[in-house]
Amino acid sequence: MNRRPQNGSVMSGESRQSTRHRRLFWNLRQRWKLLGLFEIDQEHEFYPLTCDLKQGLKQAIQESIHSDTTIALADEGYSAKITQGHEGFVMRTYAGPVFSHFRQSLGISEESFTKSLSCNEFYLQFISNSKSKADFFLTNDKRFFLKTQTKREAHFMLQILRRYIEHFQLYPHSLLVKILGVYSITYAQNKKKYFIIMQSVFFPDERITSRYDIKGCKVSRWTEPEPEGSRVLQVFKDCNFEGNVICLDQQRAWLLLQMELDASFLQQLNVIDYSLLVGFQPLHADEKNQSWSLANLIVRTKRSVNGAASPTASNTASVPGTVAGEEDTSERDQGGTGLMGSQEMTPANHIPMKKLKAQLSIVSDTSDIIAQNRRLLPNYKNALHVVDGPEQRYFIGIIDIFTVYGLRKRLEHLWKSVRYRGQEFSTVSPLYYSRRICHWVESHSV
């Protein structure tokens, strides 16, 4: 008769409980994979981490509010490191003055930034079909993503930070993802965990009907759709996009040029494998008619040209086109009279941009507007990532800008060249990658 071993092979009650917890979490994780987005409540594996992040980030941002603003874009700002001890963990902020200045230039006040990141509501976990091993957290209001990074990725971001900021100064309406901070959190006897905070491209998302992650290739670029009627949040890929088109009409030329400018910048950084996010949101009937009042057009022009964060904001932003504090400014006229009761502008009596500029005393020189490839931004939240067409509103942005085409990626390219001979795959040279994704936008837009 076999007997159960009595010594080290006997599972203790504590071990059995740990196993049950792991099994429970595995089952929940399968459910989360189906949902895509899930609240990180008290039962969630990451709940303690998110609580510490909220506490640490709140204090870190408070520190930036009182920091010396004169060093924001000086060498001291880029090399700044602030370490803050908390009960059970240590939080470190990298290049805090630079990111604080960048957030303010985007019209994001430190108060609203703190409110989103340290709110009492649960963070959300986003689990995608990405091959990345990173963890994605989303603030409860869905404005900001927190994404874990490898040490190499975090250091690369800090290495290119000056050029990244300069790119936005040259092209204020860039489609590049808005990186708003680099941090690390360390627990006793645990490895340091790096993470970045970035603005969500798909914000606000209440009316978005479909989302795509585009790389401009075909290999492994298909996501199996859920059954019709499913409430699963899915991000589709290149092959799913076939049959669709980005219809922008007059704004297409702006998009093509901005894609070239942004892709060229990433090529200079030797970066590949970035994605173009595209979200579709049908316009309401009144939005389709583009019934903008003259006052509304003036507000939008002021924002696009002067960089005012808000029509009523006392401060101005160096990156035009943002809504200060992300207050809910309506993009639609109310009651048929528009803002300030002004006469509506319809397609029949639309004022050309050149004539509108001539009527506005705020425009003294258009050379910078042309050189910086600015556009007439919508009076809408997250305006830098929102482009309106005749029928659809599009949320567009470039994300995942941390993959360098080094030796490992060159070897991967050689291997894939043999395995996928004659097919388009993601790992190619930066020059080819930038040209390919620009060609994709050109061939899928009208």
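Quantities reported herein were computed from a predicted structural model and do not represent experimental measurements.
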Closest heavy-atom pair, S434 versus Y274, reported as atoms and distance to 0.1 Å, is CA-OH, 3.4 Å
For the residue pair L158 and V182, establish whether any side-chain heavy-atom pair is separated by less than 4.5 Å. yes
Between H44 and Q125, do the side chains contain a donor N or O and an acceptor N or O under 3.5 Å apart? yes
With rounding to the nearest 0.5 Å, note down the distance linking CG in L124 to OG1 in T139. 7.5 Å
Nearest 0.5 Å please: distance from the OG1 atom of T50 over to the OH atom of Y47. 7.0 Å
Any side-chain to backbone donor/acceptor pair from H101 onto A72? Under 3.5 Å, distance only. no
Mutual orientation of the aromatic rings belonging to W415 and Y420 [parallel < 30°, tilted 30-60°, perpendicular > 60°]: perpendicular
Check this for me: does any side-chain nitrogen of one of E412 and K416 sit under 4.0 Å from a carboxylate oxygen of the other? yes
For the residue pair S118 and K54, confirm or rule out a side-chain donor-acceptor distance under 3.5 Å. no
For residues Y380 and D388, is any side-chain donor paired with an opposing acceptor at under 3.5 Å? no
Closest heavy-atom pair and its distance - S116, C119: O-SG, 3.6 Å
Tell me the closest heavy-atom pair linking C217 and S426, and the distance in Å. SG-N, 3.7 Å
CH2 on W254 to CG on L376, rounded to 0.5 Å: 12.0 Å
Are F195 and L57 close enough that some pair of their side-chain heavy atoms sits under 4.5 Å apart? yes
Between D262 (side chain only) and L175 (backbone N and O only), is there a donor and an acceptor less than 3.5 Å apart? yes
Would Q234 and T223 count as a side chain to side chain contact (heavy atoms under 4.5 Å, CB included) here? Give the steps. CA-CA 8 Å; Q234 285 189 292; T223 295; 3.7 Å; yes
Looking at K215 and D273, is any side-chain nitrogen of the basic one under 4.0 Å from a carboxylate oxygen of the acidic one? yes
Would you check if there is a donor-acceptor pair between the side chains of T114 and E110 at a distance under 3.5 Å? no
Do the charged groups of K147 and D400 touch, with an N to O distance under 4.0 Å? yes
At what distance, to the nearest 0.5 angstrom, does CG of L117 lie from CZ of F137? 13.0 Å
Checking the side chain of E287 only, and the main-chain atoms of P390 only, is there a donor and an acceptor separated by less than 3.5 Å? no
Report yes if some heavy atom in the side chain of E63 is under 4.5 Å from a heavy atom in the side chain of I65; otherwise report no. no
Quick one: do F168 and F102 satisfy side chain to side chain contact (heavy atoms under 4.5 Å, CB included)? Show the steps, please. CA-CA 9 Å; F168 276 94; F102 185 51; 3.9 Å; yes
When the ring planes of F126 and F136 are compared, do they come out parallel, tilted or perpendicular, using 30° and 60° as the limits? perpendicular
Begin with the C-alpha distance, continue with both residues' side-chain angles, and end with the deciding distance and a verdict on side chain to side chain contact (heavy atoms under 4.5 Å, CB included) for K178 and L106. CA-CA 9 Å; K178 313 304 182 285; L106 293 170; 3.9 Å; yes
Check whether N140 reaches the backbone of F122 with its side chain - one donor and one acceptor, N or O, closer than 3.5 Å. yes
Please evaluate residues L73 and Q169 with respect to the criterion side chain to side chain contact (heavy atoms under 4.5 Å, CB included), reporting the C-alpha separation (whole Å), side-chain torsions for both, the decisive distance (0.1 Å), and the verdict. CA-CA 12 Å; L73 299 183; Q169 292 173 337; 3.6 Å; yes
Spacing of CG belonging to N244 relative to OG belonging to S210, to within rounding of 0.5 Å: 6.5 Å
Go through the side-chain N and O atoms of R92 and T83 and say whether any donor and acceptor fall under 3.5 Å apart. yes
Where is the tightest heavy-atom contact between P430 and V271, given as atom of each residue plus distance? CB-O, 4.0 Å
R152: what forms a side-chain hydrogen bond (donor to acceptor under 3.5 Å, both in side chains) with it, not counting sequence neighbours? none
Check: V278 and I246 side chains under 4.5 Å, non-hydrogen atoms: yes
Can E442 and W440 be counted as having a side-chain donor-acceptor contact under 3.5 angstrom? no
Under a 3.5 Å distance rule, please check whether S112 uses its side chain to pair with a backbone N or O of S109 as donor and acceptor. yes
Between R162 and D75, is there a side-chain N and carboxylate O pair less than 4.0 Å apart? yes
So, does R207 use its side chain to make a donor-acceptor pair with the main chain of P282 at under 3.5 Å? yes
Should R393 and E206 count as an ion pair when the cut-off is N to O under 4.0 Å? no
Report the residues that fulfil side-chain hydrogen bond (donor to acceptor under 3.5 Å, both in side chains) with T150, sequence neighbours left out, ordered by chain and then residue number. E153
Using modelled atom types and a 3.5 Å cut-off, is there a donor and acceptor pairing between side-chain atoms of H385 and backbone atoms of I396? yes
Can R436 be said to sit on top of Y433's aromatic six-ring, NZ or CZ under 6.0 Å from centre and within 45° of the ring axis? yes
Is there a donor-acceptor pair under 3.5 Å between the side chain of W222 and the backbone N or O of K237? no
Contact check, side chains of L49 and K193, non-hydrogen atoms, under 4.5 Å: yes
For a 4.5 angstrom cut-off between non-hydrogen side-chain atoms, does K115 reach R143? no
Less than 6.0 Å separating the ring centroids of F144 and F113? yes
Shortest non-hydrogen pair, Y78 vs I165, comes out as OH-CB, 3.9 Å
Could you tell me the separation between the CD1 atom of I208 and the CD atom of Q392, rounded to the nearest 0.5 Å? 11.0 Å
Please evaluate residues D205 and R211 with respect to the criterion salt bridge (charged side-chain N to carboxylate O under 4.0 Å, His left out), reporting the C-alpha separation (whole Å), side-chain torsions for both, the decisive distance (0.1 Å), and the verdict. CA-CA 10 Å; D205 71 340; R211 301 164 174 81; 3.7 Å; yes
Any cation-pi pair here, R221 with F425, using under 6.0 Å and within 45°? no
Between S275 and L277 (side chain of the first, backbone of the second, donor and acceptor by atom type, cut-off under 3.5 Å), is there such a pair? no
Contact list for residues 390-412, test ring pair (Phe, Tyr, Trp, His ring centres under 6.0 Å), sequence neighbours left out: F280-Y394
Q159 versus Y164, side-chain donor and acceptor atoms under 3.5 Å: no
Closest non-hydrogen atom pair, L180 against R103: O-NH1, 2.7 Å
Looking at P97, is its backbone amide N or carbonyl O close enough to the side chain of S100 to form a donor-acceptor pair, meaning the two atoms are under 3.5 Å apart? no
